[in-house]
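The structure presented is a predicted model; accordingly, all values stated were derived computationally and were not measured. Scope of the values below: all heavy atoms of this structure, side chains included, with no hydrogens, waters or symmetry mates.
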Amino acid sequence: MPTRTAPSASQQTNNTPAQPTPRTPTTPLPASAGHLAAARQFHAREGHFNVPRKHVEDVGGVPVKPGGFLDNSRRRASKLNPERHAELEALGMRW
């Protein structure tokens, strides 16, 4: 049976718990920014905002469903904040 030798100092594990690697904080874009980009992209290609709810647009490699966003925005038009309403107006949204 082979004999076991003590590990060298470089092989010994230190008994302190592993520290997580520091992560840089990232701030994701608000979901509405992606939806607005998808709506712009769809409008530029199709010329209208009659997007089916389940339609998926690829915005920078990220799948986004602008149809539901636009439909919800139309339904909640009276409750939208003025900035959002103005952004959709600028795109040519029909209410």
In Å and rounded to the nearest 0.5 Å, what is the [atom1] to [atom2] distance from [X] to [Y]?
X     : Y     : atom1 : atom2 : value
Glu89 : Leu80 : CD    : CG    : 10.5 Å
His85 : Ser78 : NE2   : OG    : 9.0 Å
Leu88 : Phe69 : CG    : CZ    : 5.0 Å
Met93 : Leu36 : CE    : CG    : 9.5 Å

ask   = Minimum heavy-atom separation for Gln41 to Asp58, with atom names?
value = NE2-O, 3.0 Å

note = Note: Gly34 and Val64 closest approach over all heavy atoms is O-CG1, 3.8 Å

query = Do the side chains of Val59 and Val56 join up, straight or via other hydrophobic residues, at under 4.5 Å, putting them in one cluster?
reply = no

message = Please evaluate residues Ser32 and Arg84 with respect to the criterion side chain to side chain donor-acceptor pair (under 3.5 Å), reporting the C-alpha separation (whole Å), side-chain torsions for both, the decisive distance (0.1 Å), and the verdict.
response = CA-CA 9 Å; Ser32 61; Arg84 172 66 48 77; 2.7 Å; yes

query = Which class fits the ring pair Phe42 and His55: parallel under 30°, tilted 30 to 60°, perpendicular over 60°?
reply = perpendicular

Given Lys65, His35, Arg45, Arg40, the one that forms side chain to side chain donor-acceptor pair (under 3.5 Å) with Glu57 = Arg45

inquiry  = With a 3.5 Å distance limit and no angle check, can you tell me whether Asn72 reaches the backbone of Gly68 through a side-chain donor-acceptor pair?
reply    = yes

